[in-house]
Each structure stands twice: as structure tokens, then as C-alpha cells.
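Data block below; observations after.
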There are 2 protein chains.
Amino acid sequence: MVTIKDVAREAGVSVATVSRVLNGSGPVSELTGQRIREVAGRLRYVPHGGARSLITRKTQTLGVLLPDLYGEFFSEVIRGMDDTAQRHGFHLLISRAHADRHGIETAMRAMRGRVDGVVAMSPDLGADAPLDVPAALPVVLLCSAPRGDGADSLTIDNQGGSKAIVGHLIRLGHTRIAIIKGASRNYDAAERMRGYRVALRAAGITPDPSLATEGGFTEAGGYAAALELLKVKPRPTAIFAANDSMAIGALSALRESGVRVPEEMAVAGFDDIPLARYMDPPLSTVRVPTYELGARAVEMLLHCVRNGNDDARRRERVSTELVVRRSCGAGSARRTPSS
Amino acid sequence: MVTIKDVAREAGVSVATVSRVLNGSGPVSELTGQRIREVAGRLRYVPHGGARSLITRKTQTLGVLLPDLYGEFFSEVIRGMDDTAQRHGFHLLISRAHADRHGIETAMRAMRGRVDGVVAMSPDLGADAPLDVPAALPVVLLCSAPRGDGADSLTIDNQGGSKAIVGHLIRLGHTRIAIIKGASRNYDAAERMRGYRVALRAAGITPDPSLATEGGFTEAGGYAAALELLKVKPRPTAIFAANDSMAIGALSALRESGVRVPEEMAVAGFDDIPLARYMDPPLSTVRVPTYELGARAVEMLLHCVRNGNDDARRRERVSTELVVRRSCGAGSARRTPSS
DNA sequence: GAGCCCAGTGTAAACGATTACATTCGCCAT
DNA sequence: ATGGCGAATGTAATCGTTTACACTGGGCTC
């Protein structure tokens with residue numbers, strides 16, 4: 001492996017001069033510069049990133065810690081992150097970790113000295129204590145309950161989205177609106193539940209506990225939850241699933257039970273995954289700007305990385321967009337934007 | 001930021017001893033060991049990964065270079081890679097790069113000194129010349145035309161998959177089978193086309209050039225291609241799209257043209273993306289084991305990293321599985337495995 | 001022509017770890 | 001008593017860079 005020393009020897013100069021030429025720092029004569037560049041090219045010299053970052057104390061790399069979920073969400077977030085990082089000359093060190101405190105902390109430790117900062121998604125609720133990681137490491141928490149004041153945080157406007165779609169159902173005349181909740185300790189799930197309650201109360205409807213089931217954010221969970229809800233008397237006329245996967249499971253359950261959607265039961269989801277518009281009927285939902293979520297998280301992190309980590313903590317939130325399709329039975333069946 | 005020196009000073013020993021304790025190398029007295037561990041814990045010392053890798057000449061990190069595509073494929077591949085890498089104590093440095101030679105080479109250079117090896121996906125055909133990267137860097141090429149002998153390669157059994165599904169259509173009695181090809185210079189696309197031809201010839205059918213259109217692997221492309229194919233006289237009775245996205249586009253085009261699937265036109269895709277089984281009718285396709293693809297690629301790379309990069313080049317291929325659903329009109333409409 | 005400045009270059013000290021080699025010391029066999 | 005051995009520890013070189021500082025020599029200004 002050819003190092004800067006090899007280049008220096010071959011070009012008959014010192015390593016300092018080579019470094020200056022290759023980084024454009026310090027004054028070097030035109031002639032020497034050319035010679036060095038020629039030699040470096042001929043020898044196929046490529047600077048050793050690790051060595052460089054040791055002395056400059058910057059790795060030009062951002063750590064990304066994601067929970068064990070995957071699918072379209074995962075890849076879109078990463079796409080947003082990578083685009084943004086690359087535009088600023090940064091790499092991405094990606095690791096999937098358990099969503100709990102311990103998993104996150106372990107993974108973060110392993111990143112010490114390899115990254116300039118970390119975007120971590122640890123949606124598990126409860127661990128309100130700040131993370132036990134080297135204090136100097138900038139951290140942006142994604143879709144997580146804000147924790148202490150060691151880290152910035154970026155979340156989805158879950159409440160706003162829930163309120164929008166539940167409000168829409170209410171305007172369509174529904175009063176018995178059920179909810180299929182997400183994973184029990186999950187931050188997004190809790191917030192979506194809260195938005196649902198707020199929307200009902202704002203319309204003068206008292207949330208009925210028998211209309212709240214849990215689906216764990218999975219398709220199978222949504223399926224089971226829908227079957228439960230069909231047994232409730234009087235039966236709800238609308239189901240709001242806290243994500244699209246569960247809504248899709250619910251649609252299957254309803255079809256197999258012979259319940260027509262949206263005539264006998266309106267259904268709505270959350271996330272607007274690609275599948276949603278292909279459902280039969282197409283699923284009304286709340287669009288989450290996944291790409292922007294990743295992009296914004298990296299921007300926030302880069303801000304910390306560059307300006308030091310010491311200034312005031314930022315708490316940001318990306319807003320959502322109501323996507324009305326046929327599954328909720330709106331007259332506005334075709335008001336779907338674009339897709 | 002606390003370093004090994006801080007720990008050494010605080011514990012009243014030399015850095016060598018601290019290192020020995022923390023790595024379990026060399027003999028250290030029980031007492032000293034305990035003291036050092038206690039101090040390290042109290043000071044929240046975490047070894048600096050970058051510094052360590054500089055001297056040990058191992059980064060415990062694998063580079064991953066993926067083209068600008070995304071979606072379910074992307075995330076599943078990464079999931080397979082990360083699981084495998086993590087099991088062996090490795091991290092993943094992920095970068096999206098242009099699929100062409102130059103993009104790959106640039107990205108690889110940026111990874112010098114940060115990774116122990118690279119999995120690169122550069123499906124663009126044509127660049128048969130070996131990649132111009134530091135020779136010592138182990139590389140596994142994913143879904144790409146084997147290039148020179150500097151790198152191992154792992155591909156999908158595209159031909160096998162195409163032959164299976166086209167063969168299936170032939171057994172159903174079709175003789176005029178159209179194909180919607182993938183992106184023009186793409187390796188997978190070319191191989192799938194080849195498999196299609198081979199299958200036809202094996203059945204004594206001469207491929208009809210007017211039945212081959214191109215859809216660029218996109219949904220819109222598939223839509224347009226299907227409209228083209230409907231104009232061909234005599235009209236084909238089956239369409240094989242080289243991926244599911246195009247098949248889905250084709251389904252839309254057929255529905256809007258009032259052509260019933262599968263009665264008037266059989267349709268088949270390739271990839272088995274999650275959407276496929278939700279289509280109406282559910283899409284017959286070829287399942288690609290995406291997770292295993294990523295997992296296997298990392299295993300191959302780790303083999304190179306560990307045993308040096310010098311031994312014989314491996315050329316591996318993951319096999320595919322025929323997934324028959326309703327869109328191709330098989331009597332076996334419900335033979336779909338699991339899903 | 002002495003002093004200064006500045007462009008161009010080299011020397012060597014970092015960065016934070018690992019590890020080969022040297023040192024010390026107690027113990028045991030001779 | 002002496003030599004040798006091995007356990008426990010320290011010293012310092014090393015990995016591949018960047019960069020503060022020192023040095024040289026030529027062109028100015030007075």
C-alpha cells in the first residue's frame with residue numbers, strides 16, 4: 001500500500017510538501033506541485049482516511065443507529081441522509097441496534113473515534129434519562145422521546161397527523177371511531193394515540209376505551225385487532241390504524257368478514273407507504289415525509305458537528321400531510337394528490 | 001475526551017498495561033487489572049476506534065457501495081449485510097454512488113483507510129476492464145458483470161429465473177410471449193432477456209423482435225411498454241416484465257385499456273417485491289432472496305478479508321424461486337407459497 | 001549593503017492506540 | 001551463592017497523516 005512517504009521519496013521532496021500540494025494548503029512552487037501530482041497519480045496514491053482523521057480530529061463520517069425495522073421507511077430515511085451527507089462531504093456509518101437504551105449506548109460506544117456525530121432512532125419510550133455516552137459526541141434523536149438535554153431531536157408531527165385524519169373522519173359523520181394502536185412502548189404510537197384522543201374531544205366525543213385495541217404496528221396485529229373491533233357492540237363505523245401495515249391487515253380482516261369498505265366501515269392508516277395506494281380500496285392515510293426526515297436529521301447533526309455541541313438544544317418536527325383516498329369513503333374519493 | 005493516557009495516569013500505571021488489561025493480552029496481576037477496570041469505568045473511557053485501527057491495520061468496517069436505487073430491495077440487502085457483519089463484529093460504511101465505473105472508483109478511493117473491504121454493486125454493463133482501485137483492497141461485486149480478476153462476484157440467477165417463469169407461461173399454452181426489458185446497459189436486465197430467449201428456443205419458439213420492448217425497470221416504463229405491446233398484431237397473449245415495477249405499470253395499462261388479466265393477457269414479473277401479492281390480480285413473479293444476497297456478499301467479503309485477497313476468485317450465484325399467483329392464469333392460482 | 005519580508009521547503013511533534021523489547025524482581029534449581 | 005526463568009510492568013517505536021516551527025535565499029527598502 002503506497003503512503004505519502006513513498007510519494008515524497010519518489011518526488012524528491014518531504015512529506016510536508018506532498019501534503020501541502022494535495023490539500024492545497026501552504027505555498028508550493030508551481031513546478032514542485034506538478035511533479036508531485038504526477039508522481040501521486042502514477043503511484044495511485046490515495047490518502048489513508050483513518051490516519052488523516054486521527055490528526056485532524058474529524059472523520060467526515062456520521063453514525064446512523066436505526067432500530068431493527070426495515071422496509072421502505074428504512075431505505076427512504078437513509079436515502080435522505082446519504083444525499084445530504086454526501087452533499088456536505090460526509091460518509092454514513094450505519095448500524096442497526098436494538099431500540100432500547102442499552103443497545104443504543106453499546107452501539108454508540110463502538111462508534112467512538114469513527115464518527116463525528118450520531119443520528120439515533122430509539123423509539124422505545126420510558127428511558128427518559130439522558131444517554132450515557134461521551135458528552136462531546138453530537139447526537140440527534142430521531143422519532144424518539146426527547147431525552148435530557150444532551151441531544152437535539154427530530155420527530156414526526158404525529159399528533160397533527162392523527163388529528164387531521166381523525167378530524168376528517170369526524171367531518172364525514174363518524175362518531176364511533178376505533179383506533180388500532182401501535183407498539184406499546186413506542187413514542188410515535190403514543191403520540192398518534194394522543195392525537196386521536198384530542199381530535200375526538202375537540203369534536204365533543206368522549207373516547208370509548210372499548211374502541212382502542214393494539215396491533216403492535218404489524219400487519220398480523222392489525223388483522224387480529226380488526227376482528228376484535230368487529231365484535232364490539234355497537235360496532236364502530238370507522239377504524240384508524242396507527243400505521244399503514246396495520247390498516248392493510250385490517251382491510252384483509254374486513255374483507256374476509258364480508259364487511260364492505262368504506263360503505264360499512266371506513267378505514268384509515270398512517271405513513272403512506274407505497275402499498276397504500278394499491279389497496280382495494282386505496283387507503284386513506286397520512287403522509288410522512290420520510291426522505292425529508294432523514295435529510296433534516298443530518299442537517300441538524302451537521303450543525304452540531306460544525307458549531308460545537310454546546311449551544312441550545314433544538315427540538316424540531318416534520319409536518320405530515322393528509323392523503324384522502326377511497327377507504328375512508330370521502331366524496332372526495334379522487335382528491336388524492338398526484339398518485 | 002478521555003484517552004488511554006488519562007486512564008493510565010489515574011491508575012498509576014503505563015498505557016501499555018491499560019491496553020493489556022482492556023484487550024486481555026499479556027499477563028497482568030489480578031489487582032492491577034481490577035484497578036484499571038475500575039478507573040476506566042469511572043472515567044467512561046472508550047477506546048478510540050480510529051487510532052486503534054491505524055496501528056492494527058484493521059478497521060473492522062466493510063464498505064458498501066450501492067447504486068442510486070432504493071426501496072425494499074435496498075433495505076433488505078442492507079439488512080442481510082448488517083446482520084452478517086455484526087455477527088462477525090464488523091460495521092458497515094454505506095455509500096450510494098453512481099452505477100458507472102467512475103462513480104464506483106471515486107467512492108472506493110474515499111474509503112481507503114476506512115474499510116477492510118468493499119461490496120460494490122455496479123450493474124452497468126460495458127466496463128469490463130477491472131476496476132482501478134488499490135489492489136490490496138478486497139472487493140465483492142454484486143449483481144454486476146464479472147470484471148477482470150481483482151474481485152469476487154455474486155449475482156442473481158437471472159437466467160434461471162427467467163427460464164422458469166417463461167417456461168411456466170409456455171406450459172400454460174402461450175406461444176406469443178412478449179417481454180418488457182429492463183434498463184438497457186444493466187447486467188440483470190441483459191441476463192433476464194437471455195433467459196427469456198433460451199426458454200423460448202428450448203420450446204421451439206423463435207423469439208419475435210416485435211415482442212421485445214424496453215421499460216427501463218420503472219413503473220412508468222412498464223406502463224408505456226404495455227401500451228406498445230397492445231398495438232402489435234397479432235397481439236401477444238402473455239407479457240413477461242423483467243421486474244415487478246414494470247409488471248405493475250403494465251397491469252395498470254392493461255386495466256385502463258380494458259384488457260382482462262389473466263383471461264386476455266397473462267402477466268408475470270421478476271423480484272417478488274412486497275407489492276406483488278397485493279396486485280389485482282396478484283402478480284406471478286420470481287422471488288429473489290434479497291436478504292440472503294446481502295448476507296452472502298458479506299460472507300464472501302469477510303472470507304477475502306481474513307484469508308488475504310490472493311486466492312482464487314469466487315463466482316457465486318443465488319438461486320431464485322418461481323412464485324405462481326393469479327396474474328399468469330395458472331390453474332394453480334392458489335399454489336402461492338405462504339403469502 | 002544591512003535588515004526585512006516572504007515564498008518555498010524541511011524537521012519533527014503531534015493524534016491515540018498496540019506491541020516488540022527492555023527491565024525488574026522473586027523464586028528455584030544447581 | 002549464582003544463574004536462569006518467567007511474571008509483571010515500563011519504554012518507546014510505530015501506524016499515515018497534518019501542521020507548527022525553523023530554516024534558506026532572493027528581492028526589497030532605506
Side-chain angles (χ1 to χ4, degrees), chain A residues 1-37 39-40 43-61 89 109-116 134 136-137, chain B residues 1-37 39-40 43-61 89 109-116 134 136-137:
Chain A
M1 197 87 293
V2 27
T3 76
I4 198 173
K5 282 188 195 160
D6 301 317
V7 178
R9 189 175 345 102
E10 183 81 7
V13 295
S14 74
V15 292
T17 305
V18 176
S19 174
R20 279 190 276 256
V21 169
L22 267 27
N23 296 304
S25 60
V28 179
S29 80
E30 186 55 32
L31 189 69
T32 322
Q34 282 182 0
R35 184 156 33 98
I36 289 178
R37 262 183 291 269
V39 171
L43 263 42
R44 303 202 186 313
Y45 168 68
V46 182
H48 188 286
R52 198 209 294 261
S53 66
L54 184 56
I55 184 79
T56 60
R57 334 210 62 175
K58 344 196 129 240
T59 62
Q60 297 296 100
T61 303
R109 265 193 264 278
M111 287 189 166
R112 148 98 211 271
R114 304 181 178 285
V115 301
D116 294 334
L137 189 71
Chain B
M1 197 86 290
V2 27
T3 76
I4 197 173
K5 280 187 198 161
D6 302 318
V7 178
R9 187 174 348 100
E10 183 81 7
V13 296
S14 74
V15 292
T17 304
V18 176
S19 175
R20 278 189 277 256
V21 170
L22 266 27
N23 295 303
S25 61
V28 179
S29 78
E30 186 56 31
L31 191 69
T32 322
Q34 282 182 0
R35 183 156 34 97
I36 290 178
R37 261 183 292 270
V39 171
L43 264 42
R44 302 204 188 311
Y45 168 68
V46 183
H48 188 287
R52 198 212 291 264
S53 67
L54 184 57
I55 184 78
T56 60
R57 333 209 60 167
K58 348 198 125 233
T59 61
Q60 298 295 101
T61 303
R109 263 192 267 280
M111 286 188 166
R112 150 97 209 272
R114 303 181 178 285
V115 300
D116 295 334
L137 188 70

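Letters go in sequence order (proteins before strands), and every chain restarts at 1.
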Legend entry - Any B:Arg52 side-chain N or O less than 4.0 Å from OP1/OP2 of C:dT18: yes

Legend entry - Listed nucleotide nearest any side-chain atom of A:Val28, set C:dG16, C:dG10, C:dT9: C:dT9

Legend entry - Closest heavy-atom pair and its distance - A:Tyr45, A:Leu22: CE2-CD2, 3.5 Å

Legend entry - Closest to the A:Arg20 side chain, choosing from D:dT9, C:dG10, C:dA17: C:dG10

Legend entry - Nucleotide nearest B:Ala51 (side chain, heavy atoms from C-beta), chosen from D:dT18, D:dG10, C:dA17: C:dA17

Inset, instruction - Please determine if a side-chain N or O atom of A:Thr56 lies less than 4.0 Å away from the OP1 or OP2 oxygen of D:dT17. - result: no

Inset, instruction - Name the closest nucleotide to the A:Pro27 side chain, picking from C:dG8, C:dG10, C:dT18. - result: C:dG8

Legend entry - Under-4.0 Å side-chain N/O to phosphate OP1/OP2 contact, B:Arg57 with D:dG16: yes

Inset, instruction - Report yes if at least one side-chain N or O of B:Ser53 is closer than 4.0 Å to OP1 or OP2 of C:dA17; otherwise report no. - result: no

Please tabulate, for side-chain N and O atoms in residues 24-34 of chain A, each donor-acceptor pair with protein atoms closer than 3.5 Å (sequence neighbours left out).
residue: A:Ser29; atom: OG; partner: A:Thr32; partner atom: N; Å: 3.2
residue: A:Ser29; atom: OG; partner: A:Thr32; partner atom: OG1; Å: 2.5

Legend entry - Closest to the B:Leu54 side chain, choosing from D:dG10, C:dG16, D:dT18: C:dG16

Legend entry - Nearest heavy atoms of B:Arg109 and A:Val46, plus distance in Å: O-CG1, 3.3 Å

Inset, instruction - Measure from the side chain of B:Val15, starting at C-beta and using heavy atoms only, and say which of D:dA12, C:dC15, C:dG16 lies closest. - result: D:dA12

Legend entry - Distance test, side-chain N/O of B:Ser29 to OP1/OP2 of D:dT9, below 4.0 Å: yes

Legend entry - From C:dC15, D:dA8, D:dT17, nucleotide with atom closest to A:Thr3 side chain: D:dT17

Legend entry - A:Arg112, nearest nucleotide to its side chain (from D:dT9, D:dT17, C:dA17): C:dA17

Inset, instruction - Determine the contact category for A:Ser25: base if any of its heavy atoms lies under 4.0 Å from a base atom, sugar-phosphate if only primed atoms, P, OP1 or OP2 are that close, otherwise nothing. - result: nothing

Inset, instruction - Look at all strands and tell whether B:Ser19 reaches a base, only sugar-phosphate, or nothing, counting heavy atoms closer than 4.0 Å. - result: base

Inset, instruction - Verify, without hydrogens or angle tests, whether B:Arg114 (side chain) and A:Thr59 (backbone) share a donor-acceptor contact under 3.5 angstrom. - result: yes

